[in-house]
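Taking it in order: structure first as structure tokens, then the write-up.
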Amino acid sequence: MTIPIRFEHAEAAAELIQAWDNAGCNHASVNPNKKPFSIVIPPPNVTGALHLGHGLNNTLQDIVVRTKRMQGFEALWMPGTDHAGIATQAVVERRLKELENKSRHDLGREALVERIWAWKDQYETRILSQLKRMGCSCDWQRTRFTLDPICAAAVRATFFDLFRQSLVYRGKRLVNWDTFLQTAVSDDEVFNETKKGHFYHIFYNVLSPKPGEPKRVEIATTRPETMLGDTAVAVHPDPATAFAKLESDARTKLAAATDKEKAECQAELDAIVQRRDRMLASLELLRDMAHDGRMLELPLAGRQIPLVADVWAKPEMGSGCVKITPAHDPNDYEVGLRCDLPMINILNPDGTINSEGGKYEGLTIAQSRKRVVEDLEAIGQLGDVEDRDIELPHSDRSKTPIEPFLADQWFVKMDTLAQSAMDAVTDERVKIFPERYRKGYLDWLGEKRDWPVSRQLWWGHRIPIWSLHGLSEAAATDLVARLRLLPAHSEGDVLDRIENAEDSTRSVVVCLRQENETLEREIEAMGLVRDPDVLDTWFSSALWPHSTLGWPAKTPELEYFYPTSTLITSRDIITLWVARMVLMGLNNVGQVPFREVFIHPKILDGQGETMSKSKGNGVDPIDVIDKFGPDAMRFGLARLATETQDVRMPVQYECPSCEKLIDQTPKNRSLPRIDCPHCGKPFSTQWAESDEDKLLIKGAVVSERFETARNFVNKLWNAARFALMNFDGYTSEPIDVASLPLEDRWVLSRLSTVTRQVTEAIQRYQFAEASGVLYNFAWDEFCSFYVEIAKPRLSDENQRPTAQRVMAHSLDTLLRLLHPITPFVTESIWKHLGDAAPIRGLDAPTAANPFVMTATWPESNAAHFDPTIERQFAEFQEVIGAIRKIRASQNIAPRETLPVAIHCSESSTQLLQPMRSYLEALAGAEVISLGPDANSFATDAPLAIPSIDITVHVDLEKFIDVQAELSRLEKLLGQLVKQITGKEQKLNNESFVSRAPTEVVDKERESLNELKQQHRTVQSDLQKLKLSTGPKS
RNA sequence: GGGCGCUUAGCUCAGUUGGUUAGAGCAUCUCGUUUACACCGAGAGGGUCGGGGGUUCGAGUCCCUCAGCGCCCACCA
């Protein structure tokens, strides 16, 4: 049998992906004979290609799915992608601007959406192919998209149902308004930028002040033009108590301050006290005026606005008075709600002042600010103007300033829904691992803030609401009556509602259950207009576990695979996504969407920053796969997936022209095109976006973590290759384990332990543990010892058949254990193994499954676990190590056979006796004597192994390097003295001896005795060496 | 400002309920082509466990505190 010396991953992977697919290995269907296991993929955004973070996320899911599949579950991994609302629309809009210098308004709604679909098709294809090349065993036939008809039906059914329950409602809300794109943007798409600005002090006159009352109040603002929308000025309702609290806080802080901070804290306290003394009386007066319902005159606008009492006005700030602009400031909005103030929107969607601004109508914000300030000054209402740095929110998309803007929005009422999702986690119907993430989930839901679900976008699920405003009560009733005559209404597909508007007109609002063009036209013919907004992306993502299974239809898949088994995701979307899936699952299906949630670490770049599209520091998994292979990528990532620590992944680019390595830096990371600093030639990675960059030759992305994993894959391949080269004449026969030689029983014992450890680790999502156990077992035990020891047996005619059978079985088990992590190399070897040893097993050899992927998961066979043999091997390994150390320290050539005498107890003798020949093979030693009577040699360099009370003596007659040995022994002596001193000190410590548990003390005593014994031996060896060699030199 | 993590070898990370001399991989150095593998084998050097304090017979591990880093949330007239 000829097998290449290297595992050709590219070829093998392409073939296997096809073969698994052809055999239907990935497909799961309702199977009453099996227990279901299901996972839904966190659908990647179609904004762009996957990076290594996705690589980790999907590798872990695949490990779990493959394991469960092998464990006999009907394992479904549901794949798909997310339309990602604003992010995708923004990407396409930006491209449109760059390439064609057009805005979305130039194209219009339909044409833009068409463009986005084209983009989606392109990236969905790319994403799915990335997943396939990573080896993900998704059920591709079921691939979903959050905007496809199946998901759309679920969205419509959900919205309709929430509407019926009155859990969706329309309300005013301040949104972050991007005046350039003329859309609301979400909070996380806003960044702050510090700009130079001014802090304007303005006076509002008090209307007919009574004697003793101030004639005007002072307020201050960085945005004076917003005064046009002011509807009140607030003062604190209880300034005395507020000051008292401030003072007591400051005193507490002072008491706890270090000497360094004392002066500062004292100053703070003094300032508060002084301010109170100065201002309390006037603030209380203003408060009384507010309670009295006194009014102020709003300059320029010529309106009267009330003085109100609200805690938002902080007595310690400014004049203690604050202007309230509910329609253009989030906090003022809250005040407006609390004090029942009117909310005056002064802006048009394009950021200019609207008719509410009177003579300022039509001006931009900057223009109106200038004019308002000038006009205030002209009428003497302007106070000081201070220079100040101002943090201004900007839109991440257009890079222009955000204006808080009051707009009609749809909300989902959260109180009962949020509570249900909290309960599900509290009573552990949903278990979160690691547990610390529960807190964030519960805290966030605990706020029960209503969920604003409408977005002023074109890309997404359009809100299924039609409405007509400004009706009289009679007209509204009439319209509703006509709606109710529609056949669809009696079929329960139409819900209607009459709402009272602020101006006491009526609005008729209609919700439709499903898409129906005829019905929509009929409704529109009645004058109803469809809401232009779409739903928040997370609305459709929240349905993902049940929408993908066909809900609202009661499909057999939904019955069988729901609730899904586990969700594997990243921590930043616990609230946005996980929590909402739980509450929507409960609301729609009545059951939690998944029983367990595993939150995995994040992959950071070399600078410790998270990988993201916008930073450009992402690494395309395909670059890693091309260079190292999919198994190496998967193993490398799994090896890093520990419970507590995010993972730094410094990468380098390999120049395809000169093969030199280039570090990834903040400078070059965002460039798909890299100019090699060594040879000057340009190249790109798979990450290339522009057509120009895509034409460049591709350089590899290199990281040490993947190199290690690649080496491991190759090691496994070669161990298997060796075994297979020795499988000629393989026959199968039942094996009596008890009669097997020691090394066979050892490897079976180890396999039983390793199987248990790996099974448990994967069950507990300890992927680093699972891969670590397998790495160490496969490399250090299977390859370094078992295969080595098997060599002589495989060339011995009598021993060969048994050796082959146990080897075939062991390799078989190892491949199955490794398969979930490294599917390709294991499947490739499995095929070769199947050719060489088609029927294998211990008690009852059977024909192997054609694919390891669908083979059964190994059971940990407790009967094979033999602690005596494992101890025996541990001793054996120690002895080999000792001999190798001596050889290295004495510079003994590898070809030379070294005579050794092993001094050990009777029981160790029993253990080691059968291993004598292997000592020779593995350490180049000839065992002269073994046992309690083994003697030292005249020229010796003994090495003690105190933990198992064995001393290895070597005959150095032919090899002695006196100087080396003398210095080695002296160094050893020094170490021993140090340790002995430490122990003696410990044991002389009265409190240690009396308080520590007796076992610990006894152990220390014993260990001290051993050390002393060793010390004596080394000393005498040193003497002997000096004597025996002294005369010669 | 609140919450959650993190800080251990040059680098990337392990380290169970506190208990012998704190581990691994890579990198470095030395030796080596013994019929699977140089993507290999053997060995060596390398650590005040972020700083300070405390609890304890005993602290990388528990508590307090300071510093630095990361993420989430809130806020900034």
Side-chain angles (χ1 to χ4, degrees), chain A residues 3 5-7 187 192 199 219-223 226 234 258 312-314 317-319 321-325 329-332 390-391 434 436-437 439-440 443-444 447 571-572 574-575 601-602 604 606 608-610 628 632 639-640 642 644-650 703-705 707-726 768-769 772 775-776 783-784 787-788 791 795 881 884-889 891-895 921-924 946-947 975 978-979 982-983 986 989-997 999-1001 1003-1004 1006-1008 1010-1011:
Chain A
I3 299 173
I5 201 163
R6 296 272 165 82
F7 172 55
D187 288 345
N192 284 326
F199 196 49
I219 53 93
T221 178
T222 55
R223 295 159 64 212
T226 60
T258 61
W312 169 239
K314 308 254 162 61
M317 304 279 286
S319 66
C321 297
V322 57
K323 70 195 269 296
I324 302 298
T325 324
D329 181 278
N331 293 304
D332 292 4
I390 297 163
E391 289 236 314
R436 65 174 182 278
Y437 291 113
K439 187 172 157 49
D443 287 354
W444 186 81
E447 291 180 20
R571 81 174 90 89
D572 36 13
I574 294 173
T575 53
K602 302 193 72 157
L604 310 176
E609 293 182 46
T610 56
F628 299 105
R639 195 80 184 80
L640 298 174
T642 59
T644 51
Q645 181 101 334
D646 285 341
V647 173
R648 273 194 198 211
M649 176 70 76
S703 167
E704 170 251 304
R705 307 309 300 244
E707 224 165 277
T708 307
R710 189 264 324 264
N711 294 351
F712 173 69
V713 168
N714 192 245
K715 184 75 181 174
L716 183 73
W717 175 258
N718 271 290
R721 178 167 166 264
F722 169 79
L724 294 166
M725 291 189 320
N726 286 282
E769 171 75 9
Y775 183 94
N776 292 326
C783 294
S784 296
V787 171
E788 288 304 320
K791 282 177 181 173
S795 51
R884 283 172 173 170
K885 270 184 205 165
I886 297 171
R887 294 187 67 113
S889 70
N891 293 320
I892 297 169
R895 293 171 180 285
L922 295 179
S947 55
Q975 282 172 355
K978 217 166 118 189
Q979 284 172 41
K983 296 254 185 248
K986 204 172 188 178
N989 181 344
E990 185 54 39
S991 48
F992 171 69
V993 178
S994 59
R995 297 204 198 188
E999 316 83 90
V1000 174
V1001 178
K1003 220 163 131 192
E1004 285 296 303
E1006 204 177 306
S1007 132
L1008 176 62
E1010 271 166 22
L1011 285 169

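Every chain is numbered from 1 and lettered A, B, ... according to where its sequence line falls, protein lines coming before strand lines. Side chains included, hydrogens not; waters and symmetry mates left out as well; all remaining heavy atoms used.
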By nearest-nucleotide position on RNA chain B, the 5'-leaning member of A:F722 and A:L640 is A:L640

For the C1' atoms, the ones on B:rA27 and on B:rG10, what distance do you get once it is rounded to whole angstrom? 7 Å

What is the distance, rounded to the nearest whole Å, between atom CD of A:E788 and atom P of B:rU34? 13 Å

d(A:I574 CD1, A:W444 CH2) to nearest 0.5 Å is 11.5 Å

For A:L716 and B:rC40, what is the distance between atoms CG and C1' respectively, to the nearest whole Å? 15 Å

Would you classify A:F712 as touching base, sugar-phosphate or nothing, given that sugar-phosphate means primed atoms plus P, OP1 and OP2, and contacts are heavy atoms under 4.0 Å? nothing

With P as the reference atom in both, quote the distance from B:rG15 to B:rG45 in angstrom, rounded to an integer. 26 Å

CZ of A:R639 to CD of A:E769, rounded to nearest 0.5 Å, is 9.0 Å

Output all residues satisfying ring pair (Phe, Tyr, Trp, His ring centres under 6.0 Å) with A:F722, sequence neighbours left out; order by chain, then residue number. none

Determine the minimum heavy-atom distance between A:D332 and A:D329, stating which atoms define it. N-OD1, 3.0 Å

Rounded to the nearest angstrom, tell me the gap between atom CG in A:D443 and atom P in B:rC71. 20 Å

Distance between the C1' atoms of B:rU7 and B:rU12, in whole angstroms? 14 Å

Could you give the distance separating B:rG3 and B:rG46 at their P atoms, to the nearest angstrom? 43 Å

Looking at the side chain of A:Y775, which of B:rA36, B:rG25, B:rC39 is the nearest nucleotide? B:rG25

Can you tell which of B:rA36, B:rG43, B:rU12 lies closest to the side chain of A:K885? B:rG43

Partner of A:F7 under side-chain contact (heavy atoms from CB on, under 4.5 Å), picked from A:N718, A:V713, A:L716, is A:V713

Provide the distance between the two P atoms, one in B:rG19 and one in B:rU61, to the nearest whole Å. 11 Å

Taking the side chain as C-beta and beyond, is there a heavy-atom pair between A:W717 and A:I3 under 4.5 Å? yes

Any side-chain N or O of A:K715 under 4.0 Å from OP1/OP2 of B:rC40? no

Close N or O pairs between protein and nucleotides 4-8 of chain B (under 3.5 Å):
from  : atom 1 : to     : atom 2 : distance (Å)
B:rG5 : O2'    : A:T644 : O      : 3.3
B:rC6 : O3'    : A:Q645 : OE1    : 3.1

May I ask you to evaluate whether A:N711 reaches the phosphate of B:rC40, defined as a side-chain N or O under 4.0 Å from OP1 or OP2? yes

Measure from the side-chain heavy atoms of A:D572 and tell me the nearest of B:rA36, B:rA77, B:rC72. B:rC72

Okay, side chain of A:N776, backbone of A:G772: is any donor-acceptor separation there less than 3.5 Å? yes

Base, sugar-phosphate, or nothing: which does A:W717 touch, judged by heavy atoms less than 4.0 Å apart? nothing

Tell me the interatomic distance from A:F7, atom CZ, to B:rC39, atom C1', rounded to whole angstroms. 14 Å

Just the rounded figure in Å: distance from P of B:rA14 to CZ of A:R705. 9 Å

Tell me, do A:T325 and A:R223 make a side-chain contact under 4.5 Å, heavy atoms counted? no

A:R639 atom CZ is separated from B:rG23 atom C1', nearest whole Å, by 12 Å

Among the candidates B:rG25, B:rC37, B:rC71, find the nucleotide nearest to the side-chain atoms of A:R721. B:rC37

Convert the base pairs of RNA chain B into dot-bracket notation, remembering that pairs crossing earlier ones are written with [ ] and that bases paired across to another strand are shown as |; include only Watson-Crick or G-U pairs under 3.5 Å. (((((((..((((.....[...)))).(((((.......))))).....(((((..]....))))))))))))....

With a 4.0 Å limit, can you tell me whether A:R6 has a side-chain N or O closer than that to the phosphate oxygens OP1/OP2 of B:rC37? no

Heavy atoms only, 4.0 Å cut-off, all strands: where does A:R884 land among base, sugar-phosphate and nothing? sugar-phosphate

With sugar-phosphate meaning primed atoms plus P, OP1 and OP2, does A:A220 contact a base, only sugar-phosphate, or nothing at under 4.0 Å between heavy atoms? sugar-phosphate

Work out which heavy atom in A:A709 is nearest to a heavy atom in A:A632; give both atom names and the distance. CB-O, 3.3 Å

Once hydrogens and angles are ignored, does a donor-acceptor distance under 3.5 Å link the base of B:rA27 to the side chain of A:E707? no

If you check the A:T708 side chain, which of B:rG25, B:rC71, B:rA77 turns out closest? B:rG25

What interatomic distance, in whole Å, is found between P of B:rG47 and the corresponding atom of B:rU55? 30 Å

Whole-Å gap separating P (B:rC37) and CZ (A:R710): 16 Å

State the OG1-OH distance between A:T575 and A:Y437, to the nearest 0.5 angstrom. 13.0 Å

With a 4.5 Å heavy-atom cut-off, do A:T708 and A:Y775 have their side chains touching? yes

C1' atoms of B:rC71 and B:rG32, separation to the nearest Å: 49 Å

How long is the span from the CZ atom in A:R710 to the CZ atom in A:R6, to the nearest 0.5 Å? 7.5 Å

Between B:rU8 and B:rA24, how far is it from one C1' atom to the other, in whole Å? 13 Å

Interatomic distance where CG belongs to A:N718 and P belongs to B:rU35 [whole Å]: 14 Å

Which residue, A:G440 or A:K602, contacts RNA chain B at a nucleotide closer to its 5' end, judged by nearest heavy atom? A:G440

